[in-house]
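In what follows, residues are counted from 1 in the order of the sequence shown.
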Amino acid sequence: MPQTPDPYSFLPPVPTFRLRSDDIADGQALGVAQRSGIFGGLGQDRSPHLAWEGQPSATQSLAVTCYDADAPTASGFWHWAVLDIPATVTELASGAGDGSGAGLPDGARTLANDAGQRRFLGAAPPPGHGPHRYYFVVHALDTPHLDIDDSATPAWLGFQLYGHTLARATLTPTSQTPA
């Protein structure tokens with residue numbers, strides 16, 4: 001299947017900073033831990049470790065999102081959206097997106113993903129649909145809190161990020177399910 005363009009290429013350019021992970025890597029296949037069991041596969045729906053550095057000194061908070069632009073929908077698929085992460089935080093442990101919130105820093109909030117769950121949902125591309133890219137993005141923001149209701153969608157978060165992003169860091173692993 002043809003892939004959609006990088007969704008962040010349509011936004012105004014912003015500086016980047018460094019994002020690394022013990023669990024995922026750019027262009028590499030996601031492991032079983034970051035694939036979905038909730039959607040009936042053999043995965044574990046475990047959010048990856050993410051660590052960042054070099055964000056602008058003016059950063060007042062951060063947001064973390066995971067988006068599949070290659071999902072067979074007109075709007076892609078949001079797998080994870082966390083906002084109001086304090087600017088002093090530089091890392092999320094593997095499994096921080098388990099839905100309990102216990103692995104997230106104080107004040108951070110998780111919005112429901114496109115499956116309606118307040119947690120990380122692992123990769124589950126349809127069988128034979130080809131490789132999907134999963135955009136794990138850390139957004140450095142110019143505000144300590146986003147005025148977003150907990151019932152908001154990740155798409156609404158994305159709209160709010162548009163006006164508050166100082167810089168962004170991205171890792172884009174892949175996943176596919178054989179036919």
Side-chain angles (χ1 to χ4, degrees), residues 1-21 23-31 33-36 38-39 41 43 45-56 59 61-83 85 92 97 110-117 119-143 146 148 152-179:
M1 302 298 297
Q3 289 185 320
T4 60
D6 174 345
Y8 293 94
S9 68
F10 297 106
L11 300 175
V14 295
T16 61
F17 54 99
R18 183 167 180 227
L19 176 59
R20 64 177 180 78
S21 175
D23 301 324
I24 63 172
D26 258 338
Q28 300 298 309
L30 290 170
Q34 283 75 47
R35 293 183 55 85
S36 186
I38 292 171
F39 271 7
D45 297 286
R46 186 171 176 83
S47 61
H49 163 262
L50 298 172
W52 52 89
E53 63 185 356
Q55 60 272 30
T59 301
S61 71
L62 301 131
V64 172
T65 58
C66 176
Y67 177 71
D68 174 3
D70 301 312
T73 72
S75 59
F77 192 94
W78 291 95
H79 285 257
W80 196 27
V82 182
L83 65 149
I85 299 169
L92 293 179
T110 302
L111 298 178
N113 56 38
D114 279 348
Q117 300 174 347
R119 59 164 298 131
F120 173 76
L121 181 65
H129 197 255
H132 285 213
R133 295 161 297 156
Y134 294 84
Y135 290 86
F136 287 86
V137 182
V138 178
H139 311 261
L141 308 176
D142 67 358
T143 182
L146 289 169
I148 295 177
T153 64
W156 180 246
L157 170 63
F159 186 75
Q160 298 303 310
L161 293 174
Y162 175 82
H164 291 287
T165 298
L166 298 170
R168 98 177 39 93
T170 306
L171 286 175
T172 311
T174 64
S175 186
Q176 64 181 326
T177 305

For this session: Answer yes or no: is there a donor N or O on one side and an acceptor on the other, between the side chain of S21 and the main chain of H49, under 3.5 Å?
Result: yes
Exercise. Where do P178 and P127 come nearest, in terms of heavy atoms and distance?
Worked result: O-CB, 3.5 Å
Problem set entry | Close side-chain approach of P56 and P15, heavy atoms under 4.5 Å | no
For this session: Give the intermediate values and the outcome of side-chain contact (heavy atoms from CB on, under 4.5 Å) for residues T165 and L141.
Result: CA-CA 5 Å; T165 298; L141 308 176; 3.7 Å; yes
Exercise. Just by distance, do the side chain of T177 and the backbone of P125 share a donor-acceptor pair under 3.5 Å?
Worked result: yes
Seminar exercise, completed: Taking every heavy atom of C66 against every heavy atom of F136, the minimum-distance pair comes out as SG-CZ, 3.5 Å
Exercise. Taking C-beta and beyond as the side chain, do V82 and L62 meet within less than 4.5 Å on heavy atoms?
Worked result: no
For this session: Evaluate the ring planes of F120 and W80, with Trp represented by its six-membered ring, and classify them as parallel (under 30°), tilted (30 to 60°) or perpendicular (over 60°).
Result: perpendicular
Exercise. Is there a side-chain contact between H79 and L121 (heavy atoms, below 4.5 Å)?
Worked result: yes
Exercise. Where is the tightest heavy-atom contact between P48 and Q34, given as atom of each residue plus distance?
Worked result: CA-NE2, 3.8 Å
Problem set entry | Distance in Å, T143 OG1 paired with L161 CG, rounded so as to fall on 0.5 Å steps | 11.0 Å
Exercise. Which pair of non-hydrogen atoms, one from Y8 and one from D6, has the smallest distance, and what is that distance?
Worked result: N-OD1, 2.7 Å
For this session: List the atom of P173, the atom of L30, and the distance in Å for their closest heavy-atom pair.
Result: CG-CD2, 3.4 Å
Problem set entry | Donor-acceptor pair between R119 and S47 side chains, under 3.5 angstrom | no
Exercise. How many angstroms lie between atom NE2 of H139 and atom CD1 of I85, to the nearest 0.5 angstrom?
Worked result: 9.5 Å
Exercise. Are the side chain of T4 and the backbone of A69 linked by a donor-acceptor contact shorter than 3.5 Å?
Worked result: yes
For this session: Before giving the answer on side-chain hydrogen bond (donor to acceptor under 3.5 Å, both in side chains), spell out for H164 and D142 the whole-Å C-alpha distance, their side-chain angles and the decisive distance to 0.1 Å.
Result: CA-CA 5 Å; H164 291 287; D142 67 358; 2.7 Å; yes
Seminar exercise, completed: Taken to the nearest 0.5 Å, the spacing of D114 CG from T153 OG1 works out to 8.0 Å
Problem set entry | Value rounded to 0.5 Å, distance of CD1 in I148 from CG in L157 | 4.5 Å
Exercise. Would you say the side-chain atoms of D70 pair up with the backbone N or O of Q3, donor to acceptor, closer than 3.5 Å?
Worked result: no
For this session: Check whether any side-chain heavy atom of Y67 lies under 4.5 Å from a side-chain heavy atom of V137, and answer yes or no.
Result: no
Seminar exercise, completed: Tightest non-hydrogen contact, residues V14 and A167, listed as CG2-CA, 3.9 Å
Exercise. Measuring from D45:CG to I38:CD1, what's the distance to the nearest 0.5 Å?
Worked result: 3.5 Å
Exercise. Between F39 and F77, how do the two ring planes meet: parallel, tilted or perpendicular, split at 30° and 60°?
Worked result: perpendicular
For this session: Check whether any side-chain heavy atom of R168 lies under 4.5 Å from a side-chain heavy atom of L11, and answer yes or no.
Result: yes
For this session: Could you walk me through whether T65 and Y135 pass side-chain contact (heavy atoms from CB on, under 4.5 Å), step by step?
Result: CA-CA 8 Å; T65 58; Y135 290 86; over 6 Å; no
For this session: Find the distance between CG (D26) and OG1 (T170) and round it off to the nearest 0.5 Å.
Result: 8.0 Å
Exercise. Would you call the rings of Y134 and H132 parallel, tilted or perpendicular if under 30° counts as parallel and over 60° as perpendicular?
Worked result: parallel
